[in-house]
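Notes for the one structure printed next.
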Amino acid sequence: MNILLLGSGGREHALAWKLAQSRFIAEDGGALYACPGNPGIAQHAELVEFDVSDHAAVADFCSSKAIDFVVVGPEAPLVDGLADSLREHGIAVFGPSKAAAQLEGSKGFTKDLCERAGIPTAGYVRTTSLDQAEAALGRFEPPYVLKADGLAAGKGVVIAETRAEAEEALADMFGGAFGQAGAEVVIEEFMDGEEASYFAITDGATIVPFGGAQDHKRVGEGDTGPNTGGMGAYSPAPILTPQVRGEAIQRIIGPTVRALADAGTPYVGVLYAGLMLTAEGPKLVEYNCRFGDPECQVLMMRLESDLGEYLYACATSSLAALPPPKFSDDTALTVVMAAKGYPGTPEKGGLIDGIEAAEATGAKVFHAGTAMADGRLVASGGRVLNVTSRAHTVAEAQQKAYAAVDRLDFASGFCRRDIGWREIERSRGG
Ligand code: AMP
Ligand code: GLY
């Protein structure tokens with residue numbers, strides 16, 4: 001079986017690492033290609049280069065290499081309809097159609113679907129002009145939650161403490177701060193609680209839970225400073241108790257998958273539910289139509305089943321035939337090494353050394369924003385490396401991950417030193 005993986009981050013390195021171990025590649029002589037990939041992914045896949053927004057070019061590549069299925073890592077090509085174009089060419093795809101990817105591509109779409117299906121989430125109003133939005137603010141209490149409707153690279157959400165701040169943020173959004181993504185703004189009720197990420201894979205009919213994790217979105221220790229794409233994660237997240245997971249599937253993910261199937265736009269791929277664990281039970285914060293980054297890295301570190309089989313079964317409507325996937329009971333924890341300046345403008349080109357020494361401790365170092373320059377590994381993005389460990393407890397996994405971090409030689413990099421703190425505090429009875 002020949003597989004094409006699209007993407008270039010730490011999430012895709014973790015997927016490539018696991019796919020390379022799949023029997024499709026490791027035993028059956030299949031080839032794994034990645035576009036555009038990165039130097040870490042190049043250890044497991046043949047890197048190829050084409051323009052992913054040119055759907056015909058992707059389909060041509062797939063025919064020329066007899067690709068059996070395509071795994072799409074990031075959201076943008078999905079929201080852009082790449083999966084539809086490939087399916088029209090008879091190519092199996094792990095990833096939703098343009099219609100189903102609206103779960104991530106349009107916050108208003110998701111809120112309307114939740115309302116129709118009775119899915120627990122924050123109350124909301126969709127607005128399409130500044131006047132309408134300002135008038136709607138009166139229906140909410142502070143803090144005000146304001147969201148640009150479309151894809152905004154994780155930056156389209158503002159939580160405003162006062163009405164004046166909310167009005168200023170609305171003026172920015174309708175003024176074009178997020179381009180087309182801000183042509184519509186969703187105003188939401190604020191939900192109080194702890195957040196966790198829960199994943200399920202589906203072929204549109206069968207739903208298979210695929211693990212949970214907790215991310216660390218703020219750049220600074222103790223969850224301070226600006227939001228980022230994620231500075232570290234661990235899995236499992238004990239806060240996702242069997243009861244919470246059951247409710248998440250029954251009341252949130254299940255009704256969503258059924259609603260999309262009933263609409264004639266079945267969801268194929270991984271559904272990432274951002275949950276708020278409130279006093280009234282889990283509520284949906286948002287959906288993503290892809291694996292989380294860096295959550296994927298910790299899920300892959302625990303996955304003991306053949307990833308290729310599960311992704312292919314989703315792509316070919318045959319998930320019901322597989323047994324539940326096996327995940328290790330161990331905790332996996334990943335620390336993101338970012339380039340100084342992130343989440344603002346990151347320093348590019350910083351030299352990276354010591355990955356072998358870091359991995360000699362037993363950790364796995366996934367590449368996120370790295371590149372080769374004059375034969376040396378350098379930083380080429382905001383989030384650069386994901387130092388990932390596995391151990392019996394969160395505390396041990398944390399210790400192992402930082403022991404590996406300390407062997408890296410990456411002067412222009414930094415990381416948070418407290419990944420896993422909530423769980424460690426809880427395990428101490430704090
Ligand atoms: P989103 O992109 O929708 O996940 O929002 C980004 C972050 O904003 C979330 O991870 C939450 O921390 C926060 N957030 C979003 N919506 C709400 C809400 N209704 N109540 C409280 N916090 C929220
Ligand atoms: N780590 C958060 C995300 O992938 O959206």
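Throughout, numbering of the chain's residues begins at 1 and tracks the sequence.
More than 12 heavy atoms of other residues, nucleotides or ligands shown are found within 6.0 angstrom of CD on Glu304. Heavy atoms from other residues, nucleotides or ligands lying under 6.0 Å from CD of Gln21 number more than 12. Annotation: Asp329, atom CG; neighbour count of heavy atoms from other residues, nucleotides and ligands within 6.0 Å does not exceed 12. No more than 12 heavy atoms of other residues, nucleotides or ligands shown are found within 6.0 angstrom of CZ on Arg376.
Judged purely by atom type and a 3.5 angstrom limit, Thr224 has no side-chain atom pairing as donor or acceptor with the backbone of Gly222. Remark: the backbone N or O of Ala205 is paired with a side-chain donor or acceptor of Asp203 at under 3.5 angstrom. For the pair Gln214 (side chain) and Glu195 (backbone), a donor-acceptor distance under 3.5 Å is present. Judged by distance alone, the side chain of Thr316 and the main-chain N or O of Tyr312 form a donor-acceptor pair under 3.5 Å. Without hydrogens or angle criteria, Arg390 side chain to Met301 main chain gives a donor-acceptor distance under 3.5 Å. In terms of modelled atom types and a separation under 3.5 Å, the side chain of Asn288 and the main chain of Glu104 share no donor-acceptor contact. For Glu12 (side chain) and Gly9 (main-chain N/O), a donor-acceptor pair under 3.5 Å exists by modelled atom type. The main-chain N or O of Thr370 is never found under 3.5 Å from a side-chain atom of Asn38 such that the two would form a donor-acceptor pair. Judged by distance alone, the side chain of Thr228 and the main-chain N or O of Pro343 form no donor-acceptor pair under 3.5 Å.
Between Glu167 and Leu137 the shortest side-chain heavy-atom distance falls below 4.5 Å. Side-chain contact check for Leu32 versus Glu46: every heavy-atom pair is 4.5 Å or farther apart. Contact check for Arg416 versus His216: side-chain heavy atoms found under the 4.5 Å cut-off. The side-chain heavy atoms of Phe94 and Val70, taken from C-beta on, include no pair separated by under 4.5 Å. Counting heavy atoms from C-beta on, the side chains of Leu103 and Leu271 come closer than 4.5 Å. Inter-residue side-chain proximity for Phe414 and Met337 is flagged as unmet; no heavy-atom pair is nearer than 4.5 Å. Looking at heavy atoms from C-beta onward, Leu385 lies out of side-chain contact with Phe366 at the 4.5 angstrom threshold. Between Arg126 and Asp112 there is a side-chain heavy-atom pair separated by less than 4.5 Å.
Under 4.0 Å is where a charged nitrogen must lie from a carboxylate oxygen, and between Lys111 and Glu188 at least one such pair does. Arg422 has a carboxylate O that lies under 4.0 Å from a charged side-chain N of Glu194, or vice versa, which qualifies the two as a salt bridge. Between Glu425 and Arg428 there is no salt bridge, since no side-chain nitrogen of the basic residue lies less than 4.0 Å from a carboxylate oxygen of the acidic one. In this structure, Arg290 pairs ionically with Glu75, as a charged nitrogen and a carboxylate oxygen lie closer than 4.0 Å. The residues Lys98 and Asp84 are annotated as not salt-bridged, no charged nitrogen and carboxylate oxygen being separated by less than 4.0 angstrom. A salt bridge links Arg417 with Asp406; the closest basic N to acidic carboxylate O contact falls under 4.0 Å.
Among residues two or more places apart in sequence or in another chain, the salt bridge (Lys or Arg N to Asp or Glu O under 4.0 Å) test is passed with Arg245 by none. Annotation: salt bridge (Lys or Arg N to Asp or Glu O under 4.0 Å) contacts of Lys18 (sequence neighbours excluded): none. Residues satisfying the salt bridge (Lys or Arg N to Asp or Glu O under 4.0 Å) criterion with Glu295, sequence neighbours excluded, are absent altogether.
The minimum heavy-atom distance linking Ile419 with Ala233 is given by the pair CG2-N, 3.8 Å. Of all heavy-atom pairs between Ala404 and Val387, the closest is CB-CG1, 3.6 Å. Across all non-hydrogen atoms, the minimal contact from Phe410 to Gly350 is CE1-O, 4.3 Å. The minimum heavy-atom distance between Val268 and Val93, with the atom names listed, is CG1-O, 3.8 Å. Across all their heavy atoms, Ile239 and Ala196 have their closest contact at CG2-CB, 4.3 Å. Heavy-atom minimum distance, Ile355 versus His367: CD1-NE2, 3.8 Å.
There is a side-chain donor-acceptor pair under 3.5 Å between Ser235 and Arg302. At a cut-off of 3.5 Å, with distance as the only test, a side-chain donor of Asp306 or Ser22 sits close to an acceptor on the other residue. Side chain to side chain, Tyr234 and Thr334 fail the donor-acceptor criterion of an N or O pair below 3.5 Å. Side-chain contact check for Tyr124 and Glu189: no donor-acceptor pair (N or O, by modelled atom type) lies under 3.5 Å. With hydrogens and angles left out, the side-chain atoms of Asp330 and His392 include a donor and acceptor closer than 3.5 Å.
Proximity of the aromatic rings of Phe210 and Phe327 is defined here by a centroid distance below 6.0 angstrom, and this criterion is met.
Summarising the geometry, atom CG belonging to Leu408 is positioned 9.5 Å from atom CG belonging to Asp353; distances are rounded to the nearest 0.5 Å. Within the model, atoms OG1 of Thr331 and CD of Glu396 stand 9.0 Å from one another, a figure rounded to the nearest 0.5 Å. Annotation: the span from Gln398 atom CD to Leu333 atom CG amounts to 6.5 Å, rounded to 0.5 Å.
Of the residues Thr121, Leu275, Val257, the one that meets the side-chain contact (heavy atoms from CB on, under 4.5 Å) test with Ile252 is Leu275. In summary, of the residues considered (Tyr267, Tyr198, Phe199), a ring-ring contact (aromatic ring centres under 6.0 Å, His included) with Tyr272 occurs for Phe199 alone.
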Evaluation steps, side chain to side chain donor-acceptor pair (under 3.5 Å), between Ser197 and Asp215:
CA-CA 7 Å; Ser197 310; Asp215 189 8; 5.7 Å; no

Take Thr256 and Leu113, measure what side chain to side chain contact (heavy atoms under 4.5 Å, CB included) needs, and give me the verdict at the end.
CA-CA 7 Å; Thr256 302; Leu113 183 148; 4.1 Å; yes

For Asp28 and Arg23, run salt bridge (Lys or Arg N to Asp or Glu O under 4.0 Å): C-alpha distance rounded to whole Å, both residues' side-chain angles, the deciding distance at 0.1 Å, then the answer.
CA-CA 6 Å; Asp28 302 348; Arg23 71 176 171 84; 3.3 Å; yes

